[in-house]
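Both counts, for ligands and for their atoms, begin at 1 and track the order of listing. Given the structure is predicted, the values throughout are model-derived calculations rather than measurements.
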Amino acid sequence: MDLQFFLCWRVAPLFLLMPCGLHCMSVRILDEEPVHVIPGSSLVLRARIEHGPLEGVSMVTWAREAETGASAARVTLATCPGRGLKCAGTKPSVRVNTEQQETTLQINEYSRADSGVYAVTVRDLTGAETTAHCIVREYEAVHHVSVSINVSHSSLVCGEAWGTDPSFSWLHERAAISQTVGKVSKDGTTLVVTMTPICGHFTCMVSNKLGYSSATYTAAPCETEGRGTTAAVVCLVFLLLLFGGVLAFLLWRRHRQNNRGERLHEHLDDTI
Ligand SMILES: *[C@@H]1O[C@H](CO)[C@@H](O)[C@H](O)[C@H]1NC(C)=O
């Protein structure tokens with residue numbers, strides 16, 4: 001079966017079966033919500049416009065509203081009117097590019113004031129409008145890291161306040177967590193401690209694209225290990241001293257013997 005025939009007789013009727021037939025327009029923002037933007041960088045939102053073969057876009061508008069708060073003042077950022085869809089931004093930092101199937105909004109030098117709910121509205125040739133929304137927030141640094149202990153479950157829980165996409169990792173005495181120390185949960189926030197008794201310093205590090213912050217839980221010092229090390233050091237020092245003493249004694253004895261020998265020679269020389 002040739003493709004054209006297939007399209008004409010099989011696909012075309014599908015349009016008629018669709019709820020809005022050939023006159024159906026939709027717009028969808030392609031970026032995953034919520035979009036987080038690092039202050040000073042650029043925000044870019046892309047939207048796809050879908051419409052039937054008999055449809056056309058007569059106007060595209062980008063706007064922003066506050067995400068929360070009663071005063072949901074709507075700020076128009078750019079409009080792209082007419083057949084040519086030539087866009088005009090309301091601020092120099094706003095760039096919009098629109099074609100029949102796609103529209104792109106770019107905001108340079110993003111700041112906190114640019115956060116909110118972004119809306120792209122597409123108007124078709126009959127004047128009907130359809131809108132898509134997308135939440136945009138500032139990318140926040142990691143804040144207020146803390147570690148608390150859950151005594152009943154022998155676990156340490158790491159908390160963080162409002163950083164974007166925090167990733168958690170743990171250290172015990174500045175080394176990675178080994179199996180003898182404990183096990184970190186899948187999301188990284190909890191360390192189930194298997195060592196008994198719990199001792200030493202447990203550090204939780206939380207990081208994201210803007211940097212990291214850490215907090216430490218200090219348990220009792222690791223006693224046995226500490227005592228063992230001290231004993232070993234004392235032993236070593238004692239052995240070294242002993243060895244040094246023996247060596248010094250041997251050298252001294254040898255020196256004295258040599259001296260006596262020389263004196264004997266001298267004496268003999270004198271008598272000859
Ligand atoms: C300790 O952890 C368990 C299990 O995760 C939890 O159910 C419990 O509420 C925690 N206790 C405290 C005091 O946080």
Got a donor-acceptor contact below 3.5 angstrom from the Asp124 side chain to the Glu129 backbone?
no

Mark yes or no for whether Glu160, through its side chain, and His144, through its backbone, hold a donor-acceptor pair below 3.5 Å.
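No: the side chain of Glu160 does not pair with the backbone of His144.
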
Name each donor-acceptor pair under 3.5 Å that joins a side chain in residues 174-184 to protein atoms two or more places apart or in another chain, with its distance.
from	atom 1	to	atom 2	distance (Å)
Ser178	OG	Thr180	OG1	2.9

Quick one: disulfide bond (SG atoms under 2.5 Å apart) pairs with a partner in residues 101-196, sequence neighbours left out?
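Non-adjacent pairs meeting disulfide bond (SG atoms under 2.5 Å apart): Cys158-Cys204.
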
Over 12 foreign heavy atoms within 6.0 Å of CD, Glu109
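Open: at most 12 neighbouring heavy atoms sit under 6.0 Å from CD of Glu109.
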
Show the protein residues that qualify under the rule heavy atom under 4.0 Å from an atom of ligand 1, listing them in chain and number order.
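Residues within 4.0 Å of ligand 1: Asn150, His153.
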
Hydrophobic cluster partners of Leu210 (side-chain heavy atoms under 4.5 Å)
Ile38, Tyr139

